[in-house]
Amino acid sequence: MDKTVSDLATAVAGIEDGMTLMIGGFGGSGAPIELVHALIDRFRATGSPEGLIVINNNAGNGRIGIAAMIDAGMVAKMVCSFPRSADPRAFTEKYRVGQIGLELVPQGTLAERIRAGGAGIPAFYTPTSFGTDLAEGKPVAEFDGRMYVQERWLKSDAALIKAELADTMGNLTYRKAARNFSPLMAAAARLTVVQASKIVRPGGIDPEQIVTPGIFVNRIVEVADAQQEEALMRAGVAYG
Amino acid sequence: MDKTVSDLATAVAGIEDGMTLMIGGFGGSGAPIELVHALIDRFRATGSPEGLIVINNNAGNGRIGIAAMIDAGMVAKMVCSFPRSADPRAFTEKYRVGQIGLELVPQGTLAERIRAGGAGIPAFYTPTSFGTDLAEGKPVAEFDGRMYVQERWLKSDAALIKAELADTMGNLTYRKAARNFSPLMAAAARLTVVQASKIVRPGGIDPEQIVTPGIFVNRIVEVADAQQEEALMRAGVAYG
Amino acid sequence: MTEKLTNAQIAWRAAQDIADGAYVNLGIGFPEMVAKFQPPGRQAVFHTENGVLNFGESPPEGEEDWDLINAGKKAITLKPGAAFFHHADSFAMVRGGHLDVAILGAYEVAENGDLANWSTGPKGVPAVGGAMDLVHGAKRVAVITDHVTKDGRPKLVKRCGLPLTGVGCVTRVYTSLAVVDIESQRFVLREKLPKLSLDVLQAVTGAELLVDGTIGDLIVPEV
Amino acid sequence: MTEKLTNAQIAWRAAQDIADGAYVNLGIGFPEMVAKFQPPGRQAVFHTENGVLNFGESPPEGEEDWDLINAGKKAITLKPGAAFFHHADSFAMVRGGHLDVAILGAYEVAENGDLANWSTGPKGVPAVGGAMDLVHGAKRVAVITDHVTKDGRPKLVKRCGLPLTGVGCVTRVYTSLAVVDIESQRFVLREKLPKLSLDVLQAVTGAELLVDGTIGDLIVPEV
């Protein structure tokens, strides 16, 4: 079994119009910039994929990564907890004129909904957001004298993930706080695509240290010197 | 901050009559034999703790560990998925004459209920057990055309856990499949007590490799040459 | 009905349907035997509920590491690319639909896909383990079983009489006499022992066997 | 009301109530300042929602590792004993009641413990982050805030007018003028600036301040 693919274009093949797409990362940490840009390249060449629903903690930063997807007109809706980042122009401009949708989800609920999607838990109760505008229309229930909001799982057609090490079977480690949502998204997506700084043979990662077991991963592509979104943004880089 | 205690008796102090106690391990792997035996020692010396509700995948094996607790008469009820182990005499004898209770929980539901307890999720839905005797009396609901059973979180007054490495702040690693329920129980208990093969200074475990962060741990005691339940059982050892 | 497949032969037949690279959970006991019979060139990744992916055979006696066991508490070994994880992650794999196949034993399988394999009734100590999770998680849930009980009663039945493990979950049954799919709540016969007549097979089956297209010959080597 | 505490002084006061070894989450922005003012001999363990426990100060400019950031996306460093974990585990810590204290900013705090700190209304792009989880997770949820808004209106109110972050969640408020507990859905005054009269303080507070025992002097060094 070898899940390695040779290039970024192959890695993101099969992500089509209207799909729901989870993208790992919290701000710039863990953002799979090269995979996202490969998807933008395809859109520029073919006009597809568009109409995407993108799930990420934020809604893009500067003119790169998810922000560049939004700029390019590929994103119909963002599902996120914090669309106001350091430089949220791309999202804000389209949101103000009604050209992009937003489902705002508290960060812990977003994480837990994605985790539930991967774990086969269709719904759960959380105290988070009870009594607030974000709980409107959701079922509530009392347990042990306290009120809770029912939340539904989140799944996706595909996930784009940035890992540190991968073995060819798809076992993954992450680098520092770049881990964030990625292990959850890997499990919640039908097609999980990973860019890893290095791909090693099976056995090249200690079984104790694997964070995402390969069962959750479909494709891996090596991106040895991956770009860092935060650095690109601070350098004022725009993609395309 | 130093969560280390000097001996096993101190480690299990505060576990009192009638408490709910999670005990890590799946069969013999990960069973914190020394902590369990320290609790039995106290019971033999003082008559307490008794009337315990014990949560573990199994219901003891041979005449050691949880089985020895049951033999000693400390356990009012087991919450487990598989009370029939290689040598389940201790539980079976008391169960047949109605001297011990049993709440039978499917293994994945047991894991998820404990995980929910640690994560502040009071209830969740699972497809597991729908339409079976084990779902009797539980609320059911339909999501996306499929039926699910509502399950409640499991929390406990205390947890006894076996780790491999611990640092003095309570960060833990485990050894191979001895991990099993322990990271979940550490989070779901009010008082989490850990026996570790080795205790190191903070920074002595790579932050990437910590499985249980110290926030979930209250006390650590070093047990350098911990006994292996399976080996003891095969040797026919009885505790006490 | 003197001629029937041995357990090993049933396991062999089930193993032929497992694709290379499939993620597979084998139930405790008889189903564990399936791992031995993977066709050459194919390598499945085996999952055990207690937190290991890609484990291999048992170590030689005396070399067991009792921290490295499977769900049946047997000592195992690791293959390259193995991973450890905790029980919640393990059952996320199960319940979340990440396993390609689960192969389980059965007391009874009903034509509506219901499975009974965890309790023979109120006597004794009940124990369920991970069976109820597995039947609702894997993409394909298959059963391997003798076609009839030790005293000759059908194990493929109209409706289960024993306590259920899961509702409508089984899609294929490999027996000592036949391979039967469950489709639209009916048994559909796919293969049978070549010398066995349909009538004789039907007589030891507790619900109607539909025939939909050709019935293949169930031919299994000595194993 | 010319005399009031600076933000740093409010943060200093809040820091005095954090025990040695406490697990603490500080909200983005102003609350982050609390970390600087831990009393000598005490060391809290700071948690950030994006998956780090026991982080320390920012690195010098130019030495940032942008894979090592806090919830405010600022570069951080690690202390010995730090740990990384994913977002679901991070919010298990939050929601599961494992944090001892969360200290957050506020637009409004009501005498019933309701907090509004995420939205100033329908205009602009809404963003909530982890605030709604934090207010229902930590064992103690405290707020640090100026006592009044920039245009002089009370931030401690009878009922919040802005969209809520959480219901009945705040137990203590550190302001530029006072320390106020919330008990049985009422504001209870614990400390005030020594020269400030109760009447003047009440006049800039949007709900009644109860007095229960002595009112301490809120004395804070220049920081």
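Atoms considered below: every heavy atom in the structure, side chains included; atoms not considered: hydrogens, waters and symmetry mates. Note that the structure is a prediction, hence the values are computed from the model and not measured. Proteins come first, then strands; the chains are lettered A, B, ... in the order of their sequence lines, and each starts at number 1.
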Exercise. Would one find more than 12 heavy atoms of other residues, nucleotides or ligands at under 6.0 Å from atom CD of D:Glu61?
Worked result: no

For this session: Locate the shortest heavy-atom distance separating A:Ala226 from A:Lys162; write the atom from each residue and the value.
Result: CB-CE, 3.7 Å

Exercise. Using 30° and 60° as the class limits, which term best fits the ring planes of A:Phe143 and A:Tyr125: parallel, tilted or perpendicular?
Worked result: perpendicular

Exercise. Is the side chain of D:Asp100 donor-acceptor paired with the backbone N or O of D:Val24 at a distance under 3.5 Å, no angle test?
Worked result: no

For this session: Could you tell me which portion of A:Val105 (side chain, backbone, both or neither) has an atom closer than 4.5 angstrom to a non-hydrogen atom of chain D?
Result: backbone

Exercise. Among D:Val128, D:Val135, D:Ile76, D:Asp67, which residue forms the greatest number of heavy-atom pairs with chain A at distances under 4.5 Å?
Worked result: D:Asp67

Seminar exercise, completed: Most contact-rich option vs chain A, by heavy-atom pairs under 4.5 angstrom, among D:Pro126, D:Pro163, D:Gly166, is D:Pro126

Exercise. Checking A:Asn180 side chain against A:Ser29 main chain: does a donor-acceptor pair fall under 3.5 Å?
Worked result: yes

For this session: Please flag which part of A:Arg234 lies under 4.5 Å from any non-hydrogen atom of chain D: side chain, backbone, both or neither.
Result: side chain

For this session: Please flag which part of A:Leu102 lies under 4.5 Å from any non-hydrogen atom of chain D: side chain, backbone, both or neither.
Result: side chain

Problem set entry | Side chain / backbone / both / neither for D:Ala71 at chain A, heavy atoms under 4.5 Å | both

Exercise. Between D:Val125 and chain A, which part of the residue has a heavy atom less than 4.5 Å away: side chain, backbone, both or neither?
Worked result: both

For this session: Considering only heavy atoms and a distance below 4.5 Å, find which of A:Gly27, A:Pro106, A:Ser129, A:Pro88 pairs most often with chain D.
Result: A:Pro106

For this session: Specify which of D:Ala88, D:Gly130, D:Gly51 makes the most heavy-atom pairs with chain A at under 4.5 Å.
Result: D:Ala88

For this session: Report the option among A:Thr132, A:Asn58, A:Thr109, A:Thr126 that has the most heavy-atom pairs separated by less than 4.5 Å from atoms of chain D.
Result: A:Thr132

Problem set entry | Flag side-chain contact, heavy atom, 4.5 Å: A:Phe26 against D:Ile69 | yes

Seminar exercise, completed: To the nearest 0.5 Å, atom CZ of D:Arg95 lies from atom CD of A:Glu112 at 4.5 Å

Exercise. Between D:His86 and A:Tyr174, is a ring pair (Phe, Tyr, Trp, His ring centres under 6.0 Å) present by the stated rule, with each step listed?
Worked result: CA-CA 10 Å; D:His86 62 49; A:Tyr174 300 89; 9.1 Å; no

For this session: Would you mind checking which part of D:Ser119 comes under 4.5 Å of any heavy atom in chain A, side chain (CB onward), backbone (N, CA, C, O), both or neither?
Result: neither

For this session: Taking the side chain as every heavy atom from C-beta outward, state whether A:Thr192 and A:Phe216 have any pair of such atoms under 4.5 Å apart.
Result: no

Seminar exercise, completed: In terms of heavy-atom pairs under 4.5 Å with chain D, the winner among A:Arg84, A:Glu229, A:Arg115 is A:Arg84

Problem set entry | Contacting region of A:Pro83 [heavy-atom separation from chain D under 4.5 Å] | both

Exercise. Does a side-chain heavy-atom distance below 4.5 Å link D:Asn50 with D:Ser90?
Worked result: no

Problem set entry | Under 4.5 Å from any heavy atom of chain A - which part of D:Asn70 | backbone

Seminar exercise, completed: Cut-off 4.5 Å, heavy atoms of chain A, and the answer for D:Phe91 is side chain

Seminar exercise, completed: Okay, A:Tyr95 and chain D: the region with an atom under 4.5 Å from a heavy atom over there is side chain

Exercise. Among A:Ala111, A:Ala59, A:Gly108, A:Ala86, who wins on heavy-atom pairs under 4.5 Å with chain D?
Worked result: A:Gly108

For this session: For residues D:Thr77 and D:Glu63, determine if any side-chain heavy atom of one lies less than 4.5 Å from a side-chain heavy atom of the other.
Result: no

